[in-house]
Amino acid sequence: MVTLTIKTGGTCILSLTILLLAFVYKRHGDTDGDELKAQLNTVLNGLLRAEQKVGLDPETRVAVGFGSCLDLIADGLSVLDRVGAEPPVRPRHVNEISSLTEFEEIFAYFFRHGAAAERFVSNDTLFSSLTEAARNIVTTQYKMGGNAPVMASRFHQEGCKVLLGAQMSSTLKTEVSNDIQVVGDELSEDDVHLLLEYSKGHRWGQYQAQRANRFIVHSDVNNPMLVSLESFADELSMFSPNLLVIGGIQMMDNFPFQPGQREARLKKLGQLLASIPKETSIHFEMASFAEESCLQDVVEHILYYTDSLGMNEQELPNLFSLLSNGSMTLISDPYPRVATTLDQMRAVYQILRDTPSVNGRRKLSRLHVHTLAFQAILTTKNSRWKNAMSAAAKASLTANRHTCGSDYISIEKAKILLDESFSMSRDEGSPRVQFQYDRPVSCWEEDDFSICLAPVLVCTDVVQTGGGGDNISSAGLVLQI
Ligand SMILES: *[C@@H]1O[C@H](CO)[C@@H](O)[C@H](O)[C@H]1NC(C)=O
Ligand SMILES: *[C@@H]1O[C@H](CO)[C@@H](O)[C@H](O)[C@H]1NC(C)=O
Ligand SMILES: *[C@@H]1O[C@H](CO)[C@@H](O)[C@H](O)[C@H]1NC(C)=O
C-alpha cells in the first residue's frame, strides 16, 4: 500500500501515509489500552499490598456518635421531574429551603459544580412531595443512613468492638449488626434523608454536572439536637474506647434552633470531649457546613478537642478560610490540584497543632483529606498514629469499593486521574514527586509531620456516592489506631 502512493514522488506523501497508518493502527489496535490496563493493574496490586501489610488488633474498641436516619437514595433528575421542578434562570445559594423555587435554585447551585451538599427543608408539604416522588421511583433504594451508623458498621466490618450513639426505630435497628452496642432512644418513625444522586455529565436544562455527586435534603428534628448525646456519654467511660469518632454534626447547620440552643448542645459535647482520657484518640469527621456561626461553634467546641480530622475537597478550603479569616467558601474546585490541597492541609494543620493542651484541649496530630482523585493523610511525626502508608492505600481502595459497590476491584471500571507527577506545593520551585506505579503511595517528611498520598482508582461505573466519605475515613483510621 505504501509503495503505491509514492508514485507521485515526494517523501511528504510517503511519510504522511505512514503517519496515517500508524494513527489507524493506534486507534484500532489495543496497544494503548493494554498499556493502560497493565498500569492500572500494577497500581491496584501495589495498593492491595500496602493495605494488607498491617493488621488490626481484634481488641480495638471504637465509639461512634451521633445520630442516624433512613436514607432514600434516588436518581436526582427523576425526582426533580416528578415534582415539576424547572431549571432556574439563575442558581442561588439559600441556607434553608422553604419553597420549590428555592429548592430549584440551590439544587442547580451545587449540581453544576458536582459538589456534595445537605440542606434542611422547612416546608413539610414540599419535603413530603419530594420523598413521595422518590418512593414512586422503582430504582430508589432504602438504607440505614447518617454518618455515625455508616462509620460504626465500617469499624465493625473491619473487626473492631463498636459502641454507637444513635436514636432509631426498632425497624432500622434490625439493620445494625447485633454485635454493635447501640445507645439512644427508640423512635416511632425514623428521620428520612433524601439523597438526590446524579452522574457526571448529567444535564438539567442549561446545567451540567461536573462530576457524580448528590444533593441531600431532610426535615430532621432529632439529629440536629444530638438527642443521643446523654445516653452515649453515660456508656462511654464503661466502654473505654481506643478511638472516639464524632460525626453527623453538620445536621446542626442551618437548622432553625431557638436562640442559644445550638451553642448549648455543642458546649455539652465539648465538655464530654474534654473529659475523655488522653489515651483515647478523638477523630472528628467534618462534612459540609454553610452557616458561619455554626462552623465557628464547631471549631470552638469540637475541633480544639480532637486529635484527628477527616474531610473532603470542599470542606478543607471552607475550614481553611474560616480559620484564616472567619469567612466561608461554599464552593471549591471539585478536582483540586494536589499542590493546592497539600498547601491547605499544611495551613490548617499549622493552625490547629498549636492548640494549647489545656482544659482538655488537644493539638491536632492527624488530618485526612479525601478527594475524588487522591487520598492524603498528614500525621505528626512520632505521634499516636501509625501505618499512614497502609491507611492511605486502604482509604483509596475503599473509595473505589464504595462507589463501584463491590469489594472486588475491577480495573475495567477504574481510571487514575492523577498526572505522572505532582508538585508538593504551589510555591515556586517546589519539588515534584514522581508517581511510581509499583509503589503507588508516596510518603515523605516535612517539618514535624509526614504526608502519605495515594492515588484513587476512580470508579467509572458509579453505583453510589453517598456515605463514601464515612466509609473512606473509617477505613483510613482503622489501620492507624
Ligand atoms: C410549601 O411548598 C408547597 C409545595 O411546593 C407550596 O405549595 C407552598 O406554597 C410552600 N409554602 C411556602 C410557605 O412557601
Ligand atoms: C479568606 O481566606 C480564604 C483562603 O485564604 C480566601 O480565599 C478568601 O478570599 C478570604 N476571604 C476574605 C473575606 O478575606
Ligand atoms: C459503606 O458502609 C455501608 C454501611 O456500613 C455499607 O453498607 C457499605 O457496604 C460500605 N461500602 C463499602 C465499600 O464498604
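The figures that follow rest on heavy atoms only: side chains count, while hydrogens, waters and symmetry mates do not. These numbers come from a predicted model, not from an experiment. Just follow the structure's listing: the first ligand is 1, and inside any ligand the first atom is 1.
- No hydrogens or angles considered: a donor-acceptor pair under 3.5 Å links the side chains of N223 and Q167.
- With ligand atoms numbered from 1 in the order given, ligand 2 contributes 2 (O) to contacts under 4.0 Å with heavy atoms of S324.
- Comment: E51 engages R401 in a salt bridge, judged by a side-chain N to carboxylate O separation of less than 4.0 angstrom.
- Listed by atom number, the atoms of ligand 2 under 4.0 Å from N325 heavy atoms are 1 (C), 2 (O), 3 (C), 8 (C), 10 (C), 11 (N), 12 (C), 14 (O).
- Each of D354, D448, D447 was evaluated against Y349; a single residue qualifies, D448, per the side chain to side chain donor-acceptor pair (under 3.5 Å) test.
- A ring-centre distance under 6.0 Å is not found for Y198 and W204.
- The contact shell of ligand 1, taken as protein residues with any non-hydrogen atom closer than 4.0 angstrom, comprises S98, S99, N123, L126.
- Taking a cut-off of under 4.0 Å to the non-hydrogen atoms of S321, the atoms of ligand 2 that pass are 1 (C), 2 (O), 3 (C).
- Ring-plane geometry between H193 and H218 is classed as parallel, the angle between the planes falling under 30 degrees on a 0 to 90 degree scale with a further cut at 60.
- Distances below 4.0 Å separate heavy atoms of F320 from the following atoms of ligand 2: 4 (C), 5 (O).
- S425 and D343 are linked by a side-chain donor-acceptor pair at a separation below 3.5 angstrom, with hydrogens and angles left out of the test.
- Ion pair R119/E102 not flagged as a salt bridge, since none of the NZ, NE, NH1 or NH2 atoms sits closer than 4.0 Å to an Asp/Glu carboxylate oxygen.
- Of the options R112, R92, R90, a salt bridge (Lys or Arg N to Asp or Glu O under 4.0 Å) to E105 is made by R92 and by none of the others.
- No side-chain N or O of E315 forms a donor-acceptor pair with one of N318 less than 3.5 Å apart.
- Remark: ligand 2 and T329 share no N or O pair separated by less than 3.5 Å (distance only, no angle test).
- Ligand-side atoms of ligand 2 in range of S327: 1 (C), 11 (N), 12 (C), 13 (C), range being under 4.0 angstrom from any heavy atom.
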